[in-house]
Amino acid sequence: MAGLILSQVVIGLVNGMLYVLIAVGLSIIFGMLGIVNFAHGAFIAVGAYLAVTLVQNFGWPAVVLAPVLTGLIGVIVEMTLIRHLYGKEPLLGLILTFALALFFEAALKFTFGGDARPFDPPGFLSGLIVWGPILLTTYRLAVLLVTATVLVAFWAFLRFTRFGRIIRAGSRDAEMVGLLGINLPIVFSGVFGIGCLLAGIAGLLVGPLWSLQPSMGNDAIMPAFVIVTIGGLGSYLGAAVAGLMVGLVGALTIQFAPGWSAASMYVLMMVVLLVRPRGLFGESWERFE
Amino acid sequence: MSQIKKPSSSLLLPIGRRGLLKGGAATAVSSLAMPWVSRANADAPIQIGMVWAKNGPLSGQGQYLAQGGLLALQQRKNMLMGKPAEIIWLDESSPQNSAQNAAKLMGEDKVVGVVGGVISAFALAIAPVAEKMKVPFIAANGAADELTGVDCNKYTFRSQPPVHVHREMFGPYCKALGKKWYLITAAYAYGQDIKKEFTDYAKENGIEIVGADEVPLSATDYSSYILKIRAAKPDVVIGGVVGGGLTAFLKQWEQLGMRGKIPFTEISIGCTDIWGVGPKAADGLFTMTWYYTNKKNSPAEQQMAADYLATYKRPAADKAWMGWIAMKSLLDSIEAAKSTKPAAIVEALEHWSMPRGDINLHYRTFDHQMINRALVVKVKPKITDQWDYFDVLAELPKSPAEVEAVYGTQAQSACKMGPV
Amino acid sequence: MKRILQALQHPVLIAALVLGALSAWWLAIGAPISLITQIAIYTLYGAGVNLLVGYTGLVPFGASVFFGTAGYVCAIFLRSLNANALAGILVATLAALVLGLAIGALILRRKGLYFSLLTLAFSQVAFEIANRWTPVTGGENGLQNVPRTLFASDRAFHVFVVALVLSGLWLLWRLAHARFGRILQAVRDNEMRARSLGINVYGVRLAAFTLMGGIIGLAGALLTLMLQGVYADNLSWQHAGDSLLMTVLGGVHQFLGPLWGAVAFIILEDRLSALTENWWLIFAPVIGAFALLSPEGIQGLAQRLARRPRWTLTRGTIPPRPPVITPYVPEGLALAAGIPVLEARHVAKAFGHLVTAHALDLQVEPCRLHALIGPNGAGKTTFFNMLAGVLPVDGGQIFLEGRDVTTLPVHARARLGLARSYQILSIFPHLSVFENVRIGVQAAQRSAFGFFSDAHDDAAVNERAWSVLDAVGLADRAAEPCASLPHGAKRLLDIAMTLTSPSRLLLLDEPLAGLAESDRDIVARLIKKLAATHAVLLIEHDIDRVLALSDRISVLHQGRLIADGRPAEVAANPEVIAAYLGSSHGGVTAPVTGQARLAAPPLLQVSGLAAGYGGSTVLSGVDLTLREGEALALLGRNGVGKTTLLRALTGTLRASAGDVQWAGSSISGRKPFEINRAGMALVPEGRRIFPNLSVADNLALAARPGGQSLKQIFALFPRLEERRSSLGENLSGGERQMVAIARALVAPSRLILLDEPFEGLAPAVVQEVRLALETLRRSMAMIIVEHHAESVLAMVDRACVLVNGRMAFDGDALTLAADPQLQARLLGVVEAGV
């Protein structure tokens, strides 16, 4: 039993990390642009479909292009549509991203069909790993490593690069960033693109795990929202901790009360927020209040 | 508004999606601006309605079901009783939406019959509308017992066998595989039906249930469940996860090295669920209502499979057959009734039959349940064709008498049907 | 005739006509009427949501929890008891009300997105329960065959629903105009102000949330009856936002927004979904286009086309002005003789390193005008915030007439007789001038919970509101929306709101700031009058007036009270003179005269510049020329447009007229980053350094080749070197100002704009910043914005004075410095009589 629970913990960890990846993308778009991106799930699907198409046509190495292309689509969407919403009624973002989500899902269905498509992990990642009581697939381990690497790299990017500094500063006072001679419109496009790129990475990673179909990303949106909320809106560390919590609580509810595993994260969120109004690591941040 | 505007002279000509978009837009504009136009035409074609999901996770199945329905009419050269006929396909995104679109077909488009209901919940929502508006409705993909049980009505027919019947057919098969079962079922009505039926069966047959998990609707990751199954070491896993959930489950089942270790079984699955899994991970033993390479398919069914392949450039999935058979029974009945009056069509449907092997497919008069066998299929050990994943092991039950028996008697039925 | 026209514009009538026309159309095409029934139901659903979004300013993502739950309650009740529809509706609505009260009580203390997502979480949990609890809810299959005995036919039910929805809308329209509805809008516009008027914001929100639950519950029950069944879908997150989406689509600031949204959304969906398998490819762009084309929703778009944009949450009218306005009589509460009205004992407060209150002791006597003065940054406003309950104290106690109020919330203190005005303008911006004052009068009566009769029909309240408006001279502008008032009038309104309540104690924070001379007289006389019946504690920089008006003066300096006594004593106190005047007269190098600078080429040339916000004009016809290396002081009272001018120069505000030339070429319409790159750097008001970045990162962000190196910066501000790795949020005010200046220097700049650079700084820091600016003065041009002339005139070449958005003086700094009369006229301030 202890071994099983340990295995569940590891599975919860992998899922949690995936959700953190999705949540971080959602979070930086909101933090910088003030847009609650309900189309984030659609971008996950776009990333997954791009990945499967690239694999089929050019082999596995080409998949690295999938997130990049997803990010580029994000940049185009920002430059043509999202851009017009800044400084207007914040709720309009809700309508526009809702429309975007419908549009991308329909476009994927139009192009690839509505039913699920096969997508397996690459051959070299299809093994199984057994460490004592812990059982894990090679692919999941790879997912864990990739997400961890991406998250650390992204953290370092935010922390140490010029663009990262701009994003961090811009999430607090975007106008002031512009007043320092930084081309804000390009930064905004870039941030939206990065958010979508992270969604694209998530899509690429979950493609072989989940059912690959146009609405595949939708079920990931709510966990992502829950995670950013529990962690505290805008907190990177918070998202990471909350993601692991949600993953663990999910896996352990499956072990002990499987039918309620979907509700468990909402209950966790309510409890955390009732005790800590701004989540675990949330700061007082005007945009979220 | 309609999918097929003018009866096409060339049979089986697929209409391009773009063409539909344009034509559709034009009709929509006219119907918005000039509502009287469509009513002014006395020679208007006979209209038949379809309600199948066009978007969302259910649209994969919806597409096959709709194509099967369209094919049934195309095979008649879009004619009914010597008059042109057309199918209007509306969307369904929720039970509420299904019911409203069915009502719209019946009220606004004056269809003479409706086929639809991609899941039980949608079919259950449409059924009362059919009764209220007195238009025949054939539920082609709902397996909830209530459809032809407590919630049956004179205007509602159902072509899919209910969960209980699937279990009656499949139970012995699973029992033969081993006496320790593990149930993994979706945490909502359909999955709960499966859980209840197989738990009952296990009790009656001295089978030990070593584990039973319910999976939330939104689950994307099944590895935690698979670990539990692995630890419980059952002889058989009885599944009750559907659609994308089944696809994801089987992928993760394979990745965790479970494929082929413990038999995975499930009732009433669709080809599309397994196609999405891919040849590498596909696994399991299932019941299915129809399969396109089945040697026992009747000539009409073989013709349908050939026509489908010619039209859509891919083999007919079981869902295409289900959409087709439901629509065909409706069209046949209209033709037989020589009338578009609901009462006449209902009566004709009650008398409709189609030979298949040693039985006749037909709807029982007292509960409107279609009588048919189910197939037991097993994923091929090695899959070489992009579409052909299954070997048909058996058609159950064996004898025609058993077929009738497995559906239960009128006395056992909860259906209390009123007059037309 | 006019009355008929007015009646025709009644939104409920419009809704009736729209629903009637749609019903007729649907019957004509033979379509099932239930779709129009659904539109009516979603209109009510949306109206419920909008009670929160549009009126109260809270956004619930998961209002569906009430819609769905009530639907189930109705279905289960009717199926098990076979009761009639009305009973089902009643039970379901009550259940939703109770649920609303319970959920609201739990989550209304959370704000913003946290609140929105919490509502969604409740909806999602309800979904999980409904979807799993099959024996009761039917699970995924839902419940069918809900009996509907009263309105069996669809048409009869449709008529019933439309009638019920219209009555519901009518009641909501009444509610919006009743006392409660009007309070909601005040809370939405300015929560803090509402509190200080004695409104229990939490209670008001809870009531609104509960009401929303009830209305949505009613709609949910109607949907169950329409479908004669109930399903979990409406609770799931995919559909939870449907009604919010529709409402935003129609316009959240429009009473009929939910109607337009429901009509557009449902009809579009219904018609488009029939078109093609891929109808989302058409639907999505259409919906998206609405968002892009029409920021105020469908009704907003129509208004824009008709050129009559305005919010229509309530009628845009005010009660008729009485022929004779009763003169304002201050309404003081009975003051107990002998005990101080207000007593602060050892009140302390610190923000990080910055101690803003060191054990302050203060007593305010009844019927006395007590002034609290002190240099900028002395901690006066912080002290006020503690007295009013906005900020918790770190130590000490506060008594109101002997009663310990240290831990009471703002509104409770207001109800005990503490009224307050704010230093920063604090009004309800989307309400009319009259309504702003009327809300105050109404709040004073402690009767927030009138739900039906029109608050504007309350003659006594109106009379009082007119008296107060007249007292500050705003009676003529009563019907105008606040947004269109000039700044001075807004200040008067702010003061008027403070006068609405019968109080014991008035805390007035710079009531004269930003007022024209004539207005200053009005307000000063008013304050004197108030002091006869109230205890008044006044913060004011206009020392002459303070000395003339006050009965007693306390002087606050660096968080300590350094003097307390009669005006004459305080004015003579050498410590006060030293502290209050600080080092503004300190030794500074002599300014270069305008003559010497004439030779330099012009760097910045502004001609005929006009700018404003949202249609109002703040600046007009401003001309200004600045030469290379010249230092200019831009002076003017609070709110005359100084910051607006800087915003227009830096490109964050688009000028509505005029031209800005930079080194010979126009930079009008250029983006802020382009202007900054051209060499214009801003040190903004309030510093605006990035709190989540270290000092080094704050600087690195702005650094560009050609700017000053870190070494140079650290030579200028040695303190920053010590603090280089501290986060911005942990810096003191002075350090923040240094970072803000340094940030402007690390990029190559030819002009540096400093907006109130000394505000809130301790004298020692002021001196340090001043010296740094002195060092920079020869190397680049400089514009220093100040409302306090004395502190900058000594260090600039030229001075410009803005008065009410126009340039009133442009000349030599020495000329202005030497002419106190001129200063008094332009700036309305005469510095302490020394």
Side-chain angles (χ1 to χ4, degrees), chain A residues 1 3-5 7-8 10-12 14-15 18 102 105-106 109-110 113-121 123 125-128 130 135-140 206 208-223 247 250-255 257-264, chain B residues 17 53-64 184-185 187-188 192 211-228 230-232 243-252 254-257 270-282 314 317 319 386:
Chain A
M1 191 66 186
L4 182 60
I5 290 176
S7 274
Q8 298 286 28
V10 175
I11 300 256
V14 179
N15 288 332
L18 268 174
L102 291 192
E105 190 180 325
K109 181 182 157 255
F110 182 77
D115 39 347
R117 293 166 68 87
F119 188 22
D120 293 315
L125 289 179
S126 62
L128 207 59
V130 185
L135 177 79
L136 197 64
T137 66
T138 318
Y139 184 71
R140 269 169 200 277
V206 300
L209 287 175
W210 301 353
S211 167
L212 186 77
Q213 56 188 40
S215 56
M216 63 184 289
N218 292 351
D219 287 329
I221 287 298
M222 285 313 293
L252 293 176
T253 354
I254 289 175
Q255 180 67 39
W260 294 105
S261 61
S264 65
Chain B
R17 286 168 172 144
K54 292 178 174 180
N55 293 296
L58 297 168
S59 63
Q61 295 187 25
Q63 196 176 40
Y64 282 97
I184 173 161
T185 52
Y188 50 93
Q192 287 165 337
D213 285 344
E214 290 198 30
V215 188
L217 191 66
S218 56
T220 47
D221 193 273
Y222 292 83
S223 19
S224 293
Y225 297 97
I226 296 171
L227 285 182
K228 283 178 82 176
R230 193 171 172 275
L246 179 59
T247 312
F249 175 85
L250 285 176
K251 283 166 107 167
Q252 293 164 22
E254 189 271 341
Q255 286 163 15
L256 277 162
C271 293
T272 49
D273 301 335
I274 304 298
W275 287 342
V277 178
K280 187 155 165 266
R314 59 182 178 189
K319 298 292 177 211
Q386 186 190 353

Would you say [X] and [Y] make side-chain contact, with heavy atoms under 4.5 Å?
{"X": "Val215(B)", "Y": "Ile184(B)", "value": "yes"}
{"X": "Gln252(B)", "Y": "Tyr225(B)", "value": "no"}
{"X": "Asp115(A)", "Y": "Gln61(B)", "value": "no"}

Residue, of [options], that accumulates the most heavy atom pairs under 4.5 Å with chain B:
{"options": "Arg117(A), Gln255(A), Met222(A)", "value": "Gln255(A)"}
{"options": "Ile11(A), Leu212(A), Thr138(A)", "value": "Ile11(A)"}
{"options": "Val10(A), Asn15(A), Val14(A)", "value": "Asn15(A)"}
{"options": "Gly3(A), Pro208(A), Gly127(A), Ser126(A)", "value": "Pro208(A)"}

Side chain / backbone / both / neither for Tyr222(B) at chain A, heavy atoms under 4.5 Å:
neither

Measure Lys251(B) against the heavy atoms of chain A and call it side chain, backbone, both or neither at under 4.5 Å.
side chain

If you count heavy-atom pairs within less than 4.5 Å of chain A, which of [options] leads?
{"options": "Ala187(B), Gly56(B), Ser218(B)", "answer": "Ser218(B)"}
{"options": "Pro216(B), Gly257(B), Gly278(B)", "answer": "Pro216(B)"}
{"options": "Ala231(B), Ala317(B), Ala282(B), Ser224(B)", "answer": "Ser224(B)"}
{"options": "Ala219(B), Ala53(B), Pro57(B), Ala281(B)", "answer": "Pro57(B)"}

Does any backbone or side-chain atom of [X] lie under 4.5 Å from a heavy atom of chain B? Answer side chain, backbone, both or neither.
{"X": "Pro121(A)", "answer": "both"}
{"X": "Gln213(A)", "answer": "side chain"}
{"X": "Ser211(A)", "answer": "both"}
{"X": "Ile254(A)", "answer": "both"}
{"X": "Glu105(A)", "answer": "side chain"}

Run the side-chain contact (heavy atoms from CB on, under 4.5 Å) test on Arg314(B) and Tyr64(B) for me, step by step, so that the C-alpha distance in whole Å, both residues' side-chain angles and the decisive distance to 0.1 Å come before the verdict.
CA-CA 11 Å; Arg314(B) 59 182 178 189; Tyr64(B) 282 97; 3.0 Å; yes

If only atom types and distance count, is the side chain of Thr247(B) paired as donor or acceptor with the main-chain N or O of Gly243(B) below 3.5 Å?
yes

Is the backbone N or O of Ser223(B) less than 3.5 Å from a side-chain atom of Lys228(B), with the two atoms forming a donor-acceptor pair by type?
no

Cationic N near anionic O, under 4.0 Å, Asp221(B) to Arg140(A)
yes

Kindly give the heavy-atom pair with the smallest separation between [X] and [Y], and that separation in Å.
{"X": "Leu128(A)", "Y": "Thr137(A)", "answer": "CD1-CG2, 3.7 Å"}
{"X": "Asp213(B)", "Y": "Pro258(A)", "answer": "OD1-CG, 3.4 Å"}
{"X": "Gln192(B)", "Y": "Glu214(B)", "answer": "NE2-OE1, 3.7 Å"}

